[in-house]
Protein chains: 2
Amino acid sequence: MARRGGASRVTIRDVARVAGVGVATVSRVLNGDPAVAAATRERIYAVMAQLGYQPLRTARALSRRRTDAVLVVLPLLTRFFYVEILRGIEEALLETNIAFLLRSLERPADGSQAIASVRRDLVDGVLLISLAVTPAWLARLERERLPAAVADADQDVPLPRIVVDHAAGARLAVRHLAQLGHRRIALIDRPDDPFAEKRISRRLLGYRQALQELGLELRTEYEHVTPFSVEGGTMGLYSLMQLPVPPTAVFVGSDTQAWGVLRAARQLGLEVPRDLAVVGYHDIEIAELLGLTTVRVPMRVIGRRAAQLLLECLSGRLARGEEVVEWVTPELIIRYSCGARRREPGTGGVGE
Amino acid sequence: MARRGGASRVTIRDVARVAGVGVATVSRVLNGDPAVAAATRERIYAVMAQLGYQPLRTARALSRRRTDAVLVVLPLLTRFFYVEILRGIEEALLETNIAFLLRSLERPADGSQAIASVRRDLVDGVLLISLAVTPAWLARLERERLPAAVADADQDVPLPRIVVDHAAGARLAVRHLAQLGHRRIALIDRPDDPFAEKRISRRLLGYRQALQELGLELRTEYEHVTPFSVEGGTMGLYSLMQLPVPPTAVFVGSDTQAWGVLRAARQLGLEVPRDLAVVGYHDIEIAELLGLTTVRVPMRVIGRRAAQLLLECLSGRLARGEEVVEWVTPELIIRYSCGARRREPGTGGVGE
DNA sequence: GTGTATAGTGGAATCGGTTCCACGCGTCAA
DNA sequence: TTGACGCGTGGAACCGATTCCACTATACAC
């Protein structure tokens with residue numbers, strides 16, 4: 001039933017007719033089937049070019065039962081950290097012809113709504129970034145028979161995943177501070193937000209491990225959990241400095257909070273790093289501007305690898321249910337707030 | 001030809017059979033055709049619920065020749081400004097069942113590659129955000145017969161668009177500074193980046209208009225264009241302060257540069273706002289932390305409106321080629337860096 | 001020379017929707 | 001009573017790909 005349309009599309013049948021072959025053969029060429037004779041293949045390629053043929057994605061999608069698209073779900077798109085991960089994903093997917101749909105979660109409640117948008121007929125796979133992968137998620141993925149990969153989430157999710165070694169990151173920071181002569185090193189970290197993943201426990205673990213290794217005293221009054229905001233950091237430092245024996249150095253679980261710590265330090269008349277050494281976490285863009293020594297989490301790499309993992313699931317190179325865990329290790333970025341370096345004049349910096 | 005698959009899907013034919021009607025009628029119900037009798041409609045709804053029927057997107061896409069997806073193209077996803085616009089778009093689209101694909105441009109060269117991904121069989125429409133809409137873009141959209149909407153781009157693109165009144169924004173800032181008693185008001189703005197759109201000229205225009213309205217002297221040595229970065233702002237202020245008659249206030253064309261201005265001020269021993277009043281632009285997240293008075297560009301609104309504009313094109317409510325221009329006006333956010341308010345102790349702030 | 005494997009190919013059914021066209025049936029004007 | 005009309009509906013032909021199955025021609029073993 002010829003519906004009205006403009007100049008009707010060049011279809012696979014047109015190509016077949018002009019090339020003097022059957023549609024099946026054209027389709028085989030399109031899909032790289034090696035059974036086609038080289039001469040035939042060449043001829044078909046020539047005709048396709050001549051007619052300007054392009055296979056229709058929607059028709060392929062119906063026939064092959066796949067969409068060549070994936071869904072990316074991540075929280076708080078407005079945070080630099082997540083945007084960078086997204087960039088990594090985009091980079092990896094650009095090398096394929098797979099498109100991606102995006103769903104960002106702003107509030108915890110968005111989760112269930114997002115789960116409903118996970119549909120087999122919409123995408124071929126799902127990337128879950130920095131999310132608490134609940135049983136509801138797993139059930140949905142199972143029901144829709146959708147492969148998924150996970151990045152920066154809990155360590156024990158039964159899906160292929162990229163795990164960030166936050167404990168190692170914390171150890172790097174603490175060891176560095178100890179090496180600079182500090183013996184009283186405190187921790188200010190973000191809360192165990194149910195909306196994000198349980199990452200504090202691993203950073204806390206690394207912090208304690210490092211202190212023990214170094215033979216330093218573990219003091220619970222040095223472990224502070226404050227909100228994931230600049231003010232949170234400010235509050236944290238005020239509390240710490242009221243202790244009878246205040247720390248001389250702080251490892252802060254996010255650069256955002258670290259900014260607050262730097263501000264509080266100045267308000268308290270402390271000079272960073274002389275009176276207080278500070279090391280942050282993440283290496284978001286403001287860290288450099290603040291001259292903040294921090295632990296860099298390789299965000300783009302995380303995104304890229306997670307995408308590649310999902311692609312392997314899609315191509316079948318990775319069997320469904322196969323256990324794959326890839327670790328990513330953070331890296332120490334030394335700037336000025338720790339005291340390891342003299343600040344160069346005019347570069348702006350600490351406490352700005 | 002029954003291909004292998006798991007439990008085969010519930011199709012429209014199953015629904016028709018169980019409900020005792022033809023497939024055409026079920027399809028009509030799905031598409032809200034009022035010609036179907038109420039009783040029939042009810043019965044079909046019941047059967048759909050009972051069987052757990054969900055129409056297959058890919059099949060609809062092939063048949064209706066539309067994908068129910070749109071493409072969003074924007075630059076520099078890592079900038080807060082653009083991410084916020086994206087959030088607005090997402091908000092608007094969530095209210096529909098239209099998905100979106102994302103393409104972000106990091107370098108000017110990415111443009112041509114992005115143009116190639118604009119395909120009729122991939123999406124039903126395109127949103128171009130903060131981009132220079134070149135003839136190549138327009139030609140491609142024409143060729144693919146794809147409707148598009150534009151936000152925060154040149155004023156004279158022949159597409160439905162959301163235009164931000166940057167001239168008005170600049171006037172707000174300058175008038176405010178004048179009202180606080182300033183007579184020597186300088187401008188530091190970002191360059192006319194070919195990668196982004198020509199927005200500086202409009203801000204510059206507003207700056208000059210305001211000065212003229214107020215009867216203040218226009219001095220070209222007060223108009224500075226520096227890179228779109230913190231350092232750019234720093235450089236800008238150093239230059240201004242070396243003038244024989246330096247300004248007492250600066251309007252800065254981006255909060256990022258304004259941060260640099262605040263930093264430079266402190267380095268020069270100037271106290272903000274006593275010795276120098278500063279007003280920024282955009283109201284990105286750091287502005288509040290810096291106590292920066294700024295001109296807020298309603299980013300989410302821009303995204304939301306642009307998306308709605310595109311939806312109107314898709315639904316046909318907006319005729320192809322119809323001229324629609326919607327203006328968005330920025331708003332002045334008064335904090336501390338302009339001197340209009342005393343800073344409350346403990347709130348952090350200027351020069352931080 | 002006959003049988004069998006194999007490489008290369010074409011026809012037609014199929015994926016699951018949409019929509020054109022035809023048709024039955026009541027209502028109403030002539 | 002008849003014809004026109006419109007409402008509600010069903011059948012079947014599409015949309016443009018993929019892929020199963022059947023078929024031919026050639027190569028090879030016996």
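Within every chain, numbering begins at 1; the chains are lettered A, B, ... in the order of the sequence lines, protein sequences first and strands thereafter.
Per the geometry, CZ belonging to A/R120 stands 17 Å off P belonging to C/dC15, to the nearest Å. Between the CZ atom of B/R43 and the P atom of D/dG8 there is a distance of 14 Å, given to the nearest Å. Atoms CG (B/D33) and P (D/dG8) sit 10 Å apart, rounded to a whole Å. When the P atom of D/dA12 is taken as reference, atom CD1 of B/I12 falls 16 Å away, rounded to whole Å. A/L56 has its CG atom 10 Å from the P atom of D/dT18, to the nearest Å. Spacing between atom CZ of A/R17 and atom C1' of D/dG16 amounts to 14 Å, rounded to whole angstrom units. Separating the CZ atom of A/R65 from the P atom of D/dA17 is a distance of 18 Å, rounded to the nearest angstrom. As a whole-Å value, the separation of A/R64 CZ from D/dC20 P is 14 Å.
With hydrogens and angles left out, the side-chain atoms of B/R57 and B/N97 include no donor and acceptor closer than 3.5 Å. Under the 3.5 Å distance criterion, with hydrogens and angles disregarded, no donor-acceptor pair is assigned to the side chains of B/D121 and A/T58. A/R317 and A/S315 form a side-chain donor-acceptor contact under 3.5 Å, judged by distance and modelled atom types alone.
Each of B/A24 and B/P34 lies near DNA chain D, and the nucleotide nearest B/P34 is the one positioned closer to the 5' end. Closest-nucleotide positions on DNA chain C for B/T25 and A/A38 were compared, and the one nearer the 5' end corresponds to A/A38. Both B/N31 and A/G22 lie close to DNA chain C; mapped to their nearest nucleotides by heavy-atom distance, the more 5′-ward contact belongs to A/G22.
With hydrogens and angles ignored, a donor-acceptor pair under 3.5 angstrom links the side chain of B/R13 to the base of C/dG17. Side-chain to base pairing of B/T11 with C/dG16: no donor and acceptor N or O lie closer than 3.5 Å to each other.
In B/R103, the CZ atom is crowded: over 12 heavy atoms of neighbouring residues, nucleotides or ligands sit closer than 6.0 Å. Residue A/R305 places its CZ atom among 12 or fewer non-hydrogen atoms of other residues, nucleotides or ligands, all under 6.0 Å distant.
Comparing C/dT18, D/dA17, C/dT9 against the side chain of A/V36 picks out C/dT9 as the nearest. The listed nucleotides are C/dG17, D/dG10, C/dA12; the one nearest the side chain of B/R28 is D/dG10.
Distances shown here put every side-chain N or O of A/T40 at or beyond 4.0 Å from the OP1 or OP2 atom of C/dG8. Contact check, B/R60 against C/dT18: a side-chain N or O comes under 4.0 Å of OP1 or OP2. Phosphate proximity of D/dT18 to A/S27: present, with a side-chain N or O under 4.0 Å from OP1 or OP2.
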